[in-house]
Amino acid sequence: MHLYIHVPFCQRRCSYCDFSIAVRKRIPTGEYVETILTEAARIPPSNLETIYLGGGTPSLLPSDAIRILLHELSKRFRIPNSAFRIEVTLEANPEDVTPDNARAWHAAGVNRVSLGAQSFDDNVLKWMHRSHDAARIGVAVQALRGAGIDNISLDLIFGLPEELHRDWERDLETAHALRTTHLSLYGLTVEPRTPLDRWISRGAASAPADERYAEEYLLAHRRLKADGYQFYEVSNAARDGFRSQHNSAYWSGKAYVGLGPAAHSFDGTTRRWNLRAWEGYRRAMAEGRSVVESEETLTEEQREIEAIYLGLRTIEGLPLAAASPRRLSPPPHFAAQGWVEVRDGRLKCTPEGWLRLDSLVNELTMHTEIQQ
Ligand code: SF4
């Protein structure tokens, strides 16, 4: 089982973010930890393969709360060898990574940190409403390494509006110079009701352009490949041996359990998700009610389509073997346009294919023949 814990608290809302967060000056730490552990007690124990603390901003939790959470969860679920040799990831904002915090996280069992860097341009970071500056990112990386956490991922956002004059290549070079093990690259999207959405509506910002998105995405592929990273998923690149095991479980359709507001769980056929807002989730737990907002059981057809989507988003691609329960016959123009290739009996997206993944999957699933 793969365990996700959603920590919903942030100190402010970033301009592009529509995640389920609770903006708080003071984090209700005790209540949060108790509520998560109460929810965990409702779940039958099983072996844990990975733990991921995501948010929101998990690094806003005091390090002692992180220690208690991981300790109690390791008692509740079975972790081989009690020493956390499984992958334990903490999402952190650079400004929270002090040498003391990093040492305490490491002692608590955290062995991988995903840093919300986003850019190395101070003007861009201000525009995003981030609370760190560019210099802080390198300081955070050094503090983590000093504490013994070498498996570090950086999140970066590309495809920003023209008027910001963001130098994407320079940001990629700066990220490379930090020599982290992993990079996650996300194209900016405009989500409804975010500050960015409002700025665009009133003409204070321009919408991200598709051409810029495509250029920067393909540039990242070229640069990172030359720098020794492998794109193993549409948005993720890693050095050898440093793929995210937790996220890889999602992409291979494995079971996972989510704790906390808005967290999702999946048992292979049914997906459940918790109440989205911290207040509603907290109240339901305090009153002993279910925190599951809704659930869906995937039909055979939905599972087929999901398997195609998940397969194509990874570098492994989709098996085309006759032994497969489905036989895929991609339209000839997919390969002619350079969007896919067949290698080792598997259909794989090229970087150009990953740029248009959703439309490829839509078209492909119309061409899927299910063998009888
Ligand atoms: S820190 Fe992350 S979760 Fe919080 S508002 Fe910013 S982008 Fe959203």
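We number each residue from 1, following the sequence as shown. Indexing begins at 1, ligand by ligand and atom by atom, following the structure's order.
Under the 4.0 angstrom criterion for non-hydrogen atoms, R12 is in contact with ligand 1.
If you check the side chains of Y232 and H182, you find a donor sitting under 3.5 Å from an acceptor.
At a heavy-atom cutoff of 4.0 Å, ligand 1 is contacted by both the backbone and the side chain of C14. By the criterion of a heavy-atom distance under 4.0 Å, the side chain of R130, and not its backbone, is placed next to ligand 1.
Nearest protein heavy-atom contact of atom 8 (Fe) of ligand 1 is C17 SG, 2.3 Å. Nearest non-hydrogen protein atom to atom 3 (S) of ligand 1 is G56 N, 3.4 Å.
Geometrically, R271 engages F266 in a cation-pi contact, judged by NZ or CZ lying under 6.0 Å from the ring centre and within 45° of the ring axis.
Near F19, meaning under 4.0 Å from one of its heavy atoms, ligand 1 places the atoms 3 (S).
Using a 4.0 Å cut-off between a side-chain N of Lys or Arg and a carboxylate O of Asp or Glu, E216 and R212 qualify as a salt bridge. With respect to the salt-bridge test (charged N to carboxylate O, under 4.0 angstrom), the residues E316 and R243 qualify.
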Next item on the list: Starting from the C-alpha separation in whole Å, work towards a yes-or-no answer on salt bridge (Lys or Arg N to Asp or Glu O under 4.0 Å) for D227 and R223.
Entry: CA-CA 6 Å; D227 292 342; R223 282 301 314 237; 3.8 Å; yes
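Around atom 1 (S) of ligand 1, the closest heavy atom drawn from N93, V23, I21 belongs to N93.
You'll find the side chain of I43 reaches within 4.5 Å of the side chain of F77, heavy atoms only.
Distance check for C10 against atom 4 (Fe) of ligand 1: an N/O/S atom falls below 2.8 Å.
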